[in-house]
2 protein chains.
Amino acid sequence: MTTLKDVAEHTGLGLGTVSRALSGHPNVRPETRRRVEAAARKLGYQSNGLARALRSNRSNSIGLIIPDLENEFYTTAASVVQGLLAAEGFRLIVSCSNNSPEVDIELLGTLIENRVDGIVHVPCTPDGSDLVRTANPGVPIVEYARRSSARGVDSVIGDDERGSAEIVQHLVDLGHRNIAVIAGPSGLSTTTDRVSGFEQACRKNRLPKRGCPVLYGPSYDAQWGEVATNQIIDDHPDVTAIFASSSRGALGALKALRKRSLSVPKDISLVGFLNPAWLDVSEPPLTTYELPLNDMGDMTARLLLDRIRRPRTEQAAEPQVLRFDGRMILRESTAPPRTHSL
Amino acid sequence: MTTLKDVAEHTGLGLGTVSRALSGHPNVRPETRRRVEAAARKLGYQSNGLARALRSNRSNSIGLIIPDLENEFYTTAASVVQGLLAAEGFRLIVSCSNNSPEVDIELLGTLIENRVDGIVHVPCTPDGSDLVRTANPGVPIVEYARRSSARGVDSVIGDDERGSAEIVQHLVDLGHRNIAVIAGPSGLSTTTDRVSGFEQACRKNRLPKRGCPVLYGPSYDAQWGEVATNQIIDDHPDVTAIFASSSRGALGALKALRKRSLSVPKDISLVGFLNPAWLDVSEPPLTTYELPLNDMGDMTARLLLDRIRRPRTEQAAEPQVLRFDGRMILRESTAPPRTHSL
DNA sequence: CTGAAAGCGCTAACAC
DNA sequence: GTGTTAGCGCTTTCAG
């Protein structure tokens with residue numbers, strides 16, 4: 001592979017000059033720059049980013065850790081963040097923890113090892129980015145979607161609590177008093193917040209506590225949604241409405257209900273959470289709570305860039321928590337509770 | 001940040017020994033290794049991957065360029081590939097070209113600059129990875145899903161042609177003779193292959209050429225699916241079945257049909273292509289052609305690893321083209337052609 | 001404006 | 001087994 005040195009020798013110029021010419025440094029005669037560029041092109045020169053990053057101590061890359069590459073909730077964020085960062089000259093290194101805390105830690109380590117300039121992190125554990133944060137106070141980290149107890153870390157999250165409360169209230173308004181929630185893994189802030197919103201609404205409306213089961217699961221995926229739904233139908237025959245607190249969970253619930261030939265909303269009402277593209281061509285179209293994912297991704301990228309670029313002294317000492325409101329989307333999956341038995 | 005040198009000084013050992021101890025080199029006394037490890041932990045040492053990669057000329061990272069981060073077709077591949085590579089000690093750098101040839105080229109350049117050990121590429125143009133290939137004959141590249149004219153590049157693709165032909169044949173068997181296809185951007189091999197399969201089936205069954213319009217579009221996304229569907233209904237009233245040749249296209253078609261209150265399959269039959277998770281909870285569940293994405297992703301990763309690890313001389317001189325067969329999934333979106341007018 | 005020189009942090013040869 | 005040394009390819013002083 002041709003190096004800067006090769007170009008220097010080829011042009012008879014010094015290494016420094018060639019470097020400056022190629023990196024757009026002002027103090028270079030236009031004529032010289034042209035010569036260098038011509039030689040570089042001719043020799044097929046490709047600058048070595050590793051060497052540059054090592055020397056200049058800036059890698060121009062940002063790490064992103066999401067728990068699931070096949071969940072639109074996270075890939076939307078990835079997409080938005082990558083778009084914005086690319087425009088600012090940063091590369092995005094996307095990695096996926098599969099919701100495993102061990103992998104998560106390991107990935108954080110690798111990112112640090114590769115000297116990324118900043119990290120967007122969807123933590124898989126309550127203490128989240130803490131380990132890395134303490135080991136490495138230098139790298140700016142923004143937590144996305146879920147927040148953790150890590151200190152000195154900004155976060156951009158949706159107002160899950162309020163969203164949950166709102167959507168449950170809608171069910172109550174229709175007359176439901178026995179509502180089940182398909183929750184995610186306990187310990188994640190999203191789960192906690194969504195369940196908390198649910199319980200808040202229950203309390204406010206004096207719903208019977210034991211008539212409103214909360215099913216914590218191993219993940220947010222469709223399979224768990226399916227299992228949980230079957231469990232609800234089997235073990236809680238009084239339940240007339242299900243709140244699937246994630247998009248994949250809703251998908252699973254839909255599948256389970258369909259397999260059992262239960263009609264939504266005639267036999268049972270179903271609401272989702274989040275609004276993936278397919279949710280309004282489902283049978284039936286699902287009532288849900290939409291979060292402004294584009295704005296959230298946008299803000300995540302901006303916040304991180306700001307942390308990277310502004311000297312620390314200028315910045316707010318306290319980490320920021322930016323919470324985004326969503327809105328309910330009424331579709332056709334809810335109705336007053338059934339009067340017949342299943 | 002603490003460096004190897006710091007650890008060396010702290011332990012009173014030489015730089016080389018410390019390096020060996022930490023990288024698991026056999027020739028180190030266990031006792032010494034323990035001491036080094038303790039010191040490293042105590043000082044919060046984080047090895048610098050950039051320096052290692054620069055020196056050892058191996059970055060342990062693989063680049064992946066996909067055209068769309070929000071399309072499950074590609075993210076599934078990303079997920080599978082990343083899983084396999086992670087197990088082998090490689091990092092995956094995911095980037096997204098947004099189907100823009102310029103961005104695509106640029107991303108390839110960045111990957112090369114950062115000295116990735118290999119590249120998985122979904123090309124956005126007919127000549128694909130060619131530019132980089134010629135500029136940089138050293139880096140192994142595997143093209144995924146779409147193949148290009150680039151020389152010396154392996155590819156792993158689905159048998160789009162046969163899949164198309166099969167699914168169109170199903171429509172013909174039901175009695176349809178006026179079938180429209182919502183195709184993607186012309187020039188992509190997937191588009192070409194799918195259209196070619198379609199035309200093959202048309203010819204074989206002597207369908208009227210001008211009664212079977214092919215709508216090429218700007219992208220594979222849902223919006224184009226919607227636009228195309230409207231166009232078909234408006235401009236081709238004889239069409240009784242639509243072949244949406246991508247998953248997002250099918251989603252758009254479904255939305256358009258729903259908006260016009262056309263019933264599938266009573267008014268019009270609709271088949272999709274590929275089988276995202278939500279496709280069987282849609283209204284109606286869509287008949288489609290499923291590709292073995294997991295196997296394809298798996299093979300992509302293996303092929304690339306092999307190219308990276310095996311000396312070039314041992315390898316097949318000719319680039320390989322691995323074509324994967326899929327299978328039709330019959331659901332409820334097709335029926336004999338309508339006998340009424342719309 | 002340009003050249004020379006000093007490293008960034010690490011690995012790999014080579015001596016001991 | 002361990003220490004020493006020479007760079008990987010680049011940026012960035014510092015002189016001129």
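Proteins come first, then strands; the chains are lettered A, B, ... in the order of their sequence lines, and each starts at number 1. Side-chain atoms are counted along with the backbone in the values below, which use heavy atoms only and exclude waters and symmetry mates.
Here S47(B) contributes atom OG and M1(B) contributes atom CE; the two are 9.5 Å apart, rounded to the nearest 0.5 Å. Rounded to the nearest 0.5 Å, atoms CD (E9(B)) and CG (L43(B)) are 10.5 Å apart. The structure places OG1 of T17(B) at 11.5 Å from CG of L22(B), a figure rounded to the nearest 0.5 Å. In this structure, CD1 on I105(A) lies 10.5 Å from OG on S97(A), to the nearest 0.5 angstrom. A distance of 7.5 Å separates CG in L85(B) from CD1 in I308(B), rounded to the nearest 0.5 Å.
Atoms CZ (R58(A)) and P (dC8(C)) sit 19 Å apart, rounded to a whole Å. The CG-P distance, from N57(B) to dG9(D), rounds to 7 Å in whole Å. Atom CG in L22(B) sits roughly 16 Å away from atom P in dG9(C) (whole-Å rounding). L50(A) has its CG atom 12 Å from the P atom of dT11(D), to the nearest Å. If you measure from atom CG of L54(A) to atom C1' of dG7(C), you get 9 Å, rounded to the nearest angstrom. Atom CE in M1(B) sits about 14 Å away from atom C1' in dC8(C), given to the nearest Å. The distance from atom CG of N114(A) to atom C1' of dG9(C) is 13 Å, rounded to the nearest whole Å.
Here the side chain of N27(A) is nearest to one of dG3(D), dG9(D), dT2(C), namely dT2(C).
Residues from residues 33-43 of chain A placing a heavy atom under 4.0 Å of any atom in DNA chain D do not occur.
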Exercise. When every nucleotide of nucleotides 10-15 of chain C is labelled 5' to 3' by its protein contacts under 4.0 Å (heavy atoms), B for base, S for sugar-phosphate only, - for none, what sequence of letters results?
Worked result: BBBB--
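The heavy-atom pair separating T300(B) from V120(B) by the smallest distance is CG2-CG1, 3.7 Å. The two residues I119(A) and V116(A) make their nearest non-hydrogen contact at CG1-CG2, 3.7 Å. What you find for R147(A) and S155(A) is that their closest heavy atoms are CB-OG, 3.9 Å.
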Exercise. So D127(A) and T125(A), side-chain hydrogen bond (donor to acceptor under 3.5 Å, both in side chains) or not? Walk me through it.
Worked result: CA-CA 5 Å; D127(A) 56 347; T125(A) 51; 2.9 Å; yes
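Between T32(A) and the phosphate of dT2(C), there is a side-chain N or O to OP1/OP2 separation shorter than 4.0 Å.
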